[in-house]
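Protein chains get the first letters and strands the later ones, always in sequence-line order, with residue 1 at the start of each. Note that this is a predicted model, so its numbers are computed, not measured.
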Amino acid sequence: MSNSGSLGLLARRYQTIVFALLQRGALRDRKVIFPMTSSPRRPFLLEFEKPLVELQTRINQIEELAEESEVDVTPQLEQLETRYSQLRQEIFTNLSPAQRIQVARHPKRPSTLDYIQTISDEWIELHGDRGGSDDLALIGGIARIGDQSCVMLGHQKGRDTKDNVARNFGMASPGGYRKAMRLMEHANRFNMPIFTFIDTPGAYPGVKGEELGQGEAIAYNLREMFSLEVPIICTVIGEGGSGGALGIGVGDRLMMFEHSVYTVASPEACAAILWKDAGKASQAAEALKITAPDLKRLGILDQILPEPTGGAHTDPLATAETLKNALLSNLEALRQLTTQELRDQRYQKFRSIGVFLES
Amino acid sequence: MSLFDWFANRRKAEPTQQVQPERDISDGLWTKCDSCGVLTYTKDLRANQMVCLECNHHLRIFSDQRIEQLIDAGTWQPLNDDVRPTDPLEFRDRRVYKDYLKATQSKTGLTDSVRTGLGNIEGEPVALGVMDFRFMGGSMGSVVGERLTRLIERATAERLPVFIACASGGARMQEGMLSLMQMAKISGALERHRAQRLLYVPVLTHPTTGGVTASFAMLGDLIIAEPNAMIAFAGRRVIEQTLREKLPDDFQTAEYLVQHGFVDAIVPRTQMKKTLAQLVRLHRLPASVGNQGATSGAPIPNGAAINGMLNGNGFVPESSQHHEVSGARPGLEDAEISTQLPR
């Protein structure tokens, strides 16, 4: 099989990277189950979804039995189906922060390009930072929604191992942030609103990144995004990892999907530093207050976007519709402001974040 | 690390272990250089601003000494000392953040990891922020964000240049996302300061990393660093673990950043005050030169020493074109210069 041969080659070539990522915990929570053992409808199962699988197996068994023995089991089946949806509802309304991270990193979770292609009527992807690189981990371009032209950009994770390697697992390099800034300046010149989508474990930590000024690239964006005169709406669609997320995250509105997370440092890194034990990641996730409701309470987040039960990946089209409506209604509100008001409000929004005592 | 490296390191490590324990004097009269191990009379070392007289190593100093070294005596006017940290997340790791804060405050006598204020540098009024690595590794939480933002806003209102001496391990995890957002808050304030065409210069000292590097440390109109300071976005260990390869020795030093174009000049501590004052004078708007020139305490230095120093680090364009910065070397050049100057 040529397919498995090339896969093996790929695996060997990038095993160091993948292994290192596993070490760092970037992929640890991606519980990917190979090969698919249960129904093809739910190929990627997370740890806490196990009770659901068990229930589903029982339903399947009863269905099979019913077919063989011709006994009417419809009431029992109905009961089990209701139990199934109840249990699912229960599990997903009571997710712990660590479990939410798993949903946010779910391999099937809709990505930036999925959302852009679904919500826009026209879309042209643009490339390059005009400084010698084009980062595939941070993509952007010009789109149209109805009669509104806009610039959309965001972190892009890969769909499979090969794609993920090409996109560096959504970890943008300095070139990515500079490309993003170039596109945002373009939007500013042509009076287009800016929609950014955040989905990254963090900015790329590597020799090349340091050499090209990862810190400078992010810092520059933070400052210049305050100077833009068009509405900026930022949405955390998956995981918002630290400075790498904030580098395209300074806007007039910050929205987050229900199961998205936004962290100052990955819980794995935090656990390793503060607990001196990377195994304490779930405790760190709890303590760091990374979920949408927590961030709303802290005054960082403006709006939580609901997801279908089971996460965005169970119904990507409905999720995209939610996102589109939220973007358009927020844009409508921001369009009422003068340029000066817009910039002042953006400044005040960030100016007021922080909790301290003062006598 | 490969097996060979392990053996190589082992061989290297053994002899030094035997030499070290003899010199350990703790009464504070003498200070041992972290780099060359030479003992120096502490008074002499202090007179040389805690720069080793033997090897020119810059020993770590903290906010009180830094302020004393930069600001004219009697002109320091601290701001917002009453802005104090609290525990918004009720964070606990192996210890409770609230208790940790209290313990650190009583140990260091500081209220948080940055001090801000107004003062004069050679008679030039400036706004200065100084981070202090003693306080939880100089980490940036809500208080650092608020104090620096207020400082920058004050400087914007009073049309003052801003200097921030950075020394930080990054964002303070115990305050979670509130810490991350301080990066944006401070950057926003800097944007307003910049829009008024006012000068902002961060002074990067050892170490400047993480969220500080990815915000105000890299946003200077000009960026100055102390010799050999570690300046990084992601720490060396993280990168080594991710890539599994050995990094060059000078990786992420100030000299490395000069080579890659992210720092304008490396200025030894003994020259720092003079250089900052010089920068303020050079940036004064032409229209106001006439009436403000008289207020400056010292004449503009035109000695070869200062020019030589700046040339050495590629500060002056015409001479830097044919001057190759040699990485680890500029520090030495500066050492020779600093000994020529009167202290």
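Chain A is approached within less than 4.5 Å, heavy atom to heavy atom, by B:R94 from residues 94-116 of chain B, ordered by number. Within residues 136-143 of chain B, the residues having any heavy atom under 4.5 Å from a heavy atom of chain A are, by residue number, B:S142, B:V143.
Proximity to chain B is limited to the side chain of A:L246, based on heavy atoms less than 4.5 angstrom apart. Looking at B:F216, there are no atoms closer than 4.5 Å to chain A (heavy atoms on both sides), in backbone or side chain. When heavy atoms are compared at a cutoff of 4.5 Å, B:A189 approaches chain A by way of both its backbone and its side chain. Both the backbone and the side chain of A:A287 have a heavy atom closer than 4.5 Å to some heavy atom of chain B. Both the backbone and the side chain of A:E216 come within less than 4.5 Å of a heavy atom of chain B. Looking at A:V250, only its side chain comes within 4.5 Å of chain B, counting heavy atoms on both sides. Within the 4.5 angstrom heavy-atom criterion, atoms from both the backbone and the side chain of A:Y262 approach chain B. Contacts of B:E90 with chain A are absent, with no heavy-atom separation under 4.5 Å from either backbone or side chain.
When all heavy atoms of A:T263 and B:L180 are compared, the pair lying nearest together is O-CD2, 4.2 Å. The heavy-atom pair separating A:E210 from B:A232 by the smallest distance is OE1-CA, 3.6 Å. The two residues B:S215 and A:L222 come nearest to each other via the heavy atoms CB-CD1, 4.0 Å. When all heavy atoms are compared, the tightest approach of B:D82 to A:S359 is OD2-O, 3.1 Å. What you find for B:L178 and A:G354 is that their closest heavy atoms are CD2-N, 4.0 Å. Scanning all heavy atoms of the two residues, the minimum distance from B:M183 to A:G243 falls at CE-CA, 4.4 Å.
Electrostatic pairing of A:R343 and B:E191 counts as a salt bridge here, judged by a charged N lying under 4.0 Å from a carboxylate O. The pair B:R150-A:E358 meets the salt-bridge criterion, since a charged nitrogen lies less than 4.0 angstrom from a carboxylate oxygen.
Ranked by heavy-atom pairs shorter than 4.5 Å toward chain A, the options B:G261, B:A195, B:G176, B:G188 are led by B:G188. Per-residue counts of heavy-atom pairs under 4.5 Å with chain A were compared for B:L247, B:T149, B:L257, B:L190; the largest is that of B:T149. Among the candidates B:M218, B:R192, B:R236, the residue making the largest number of heavy-atom pairs closer than 4.5 Å to chain A is B:R192. Contacts with chain B were tallied for A:S242, A:G240, A:A265; A:S242 has the most, counting heavy-atom pairs under 4.5 Å. Highest contact tally toward chain A, considering only B:E175, B:R194, B:R172, is held by B:R194 [criterion: heavy-atom pairs under 4.5 Å].
For the pair B:R84 and A:F356, the cation-pi test (distance below 6.0 Å, angle within 45°) is failed.
Panel note: side chain A:Q214, backbone B:A234; no donor-acceptor pair is recorded below 3.5 Å. A distance-only check finds a donor-acceptor pair linking the side chain of B:Q182 to the backbone of A:I353 [under 3.5 Å].
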### Task
Report the C-alpha separation of B:V83 and A:L357 in whole Å, then their side-chain angles, then the decisive distance to 0.1 Å, and conclude whether the side chain to side chain contact (heavy atoms under 4.5 Å, CB included) test is met.
CA-CA 6 Å; B:V83 174; A:L357 306 170; over 6 Å; no
### Task
Walk me through it: do A:I218 and B:F233 pass the test side chain to side chain contact (heavy atoms under 4.5 Å, CB included)?
CA-CA 10 Å; A:I218 292 172; B:F233 172 68; 3.9 Å; yes
### Task
Might you work through the side chain to side chain contact (heavy atoms under 4.5 Å, CB included) test for B:Q174 and A:L274, ending with a clear yes or no?
CA-CA 9 Å; B:Q174 290 89 339; A:L274 294 183; 3.7 Å; yes
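Between the CE atom in B:M177 and the CG atom in A:D294 there is a gap of 11.5 Å [rounded to 0.5 Å]. Distance check, rounded to the nearest 0.5 Å: CD1 of A:I273 to CE of B:M173 gives 3.5 Å. Separating the CG atom in B:D93 from the CG atom in A:L288 is a distance of 9.5 Å, to the nearest 0.5 Å. Atom OH of B:Y200 sits about 9.5 Å away from atom CZ of A:R223, to the nearest 0.5 Å. The CG atom of B:L89 lies 12.0 Å from the CD atom of A:E286; values are rounded to the nearest 0.5 Å. With rounding to the nearest 0.5 Å, the separation of OG in B:S187 from CD in A:E224 is 10.0 Å.
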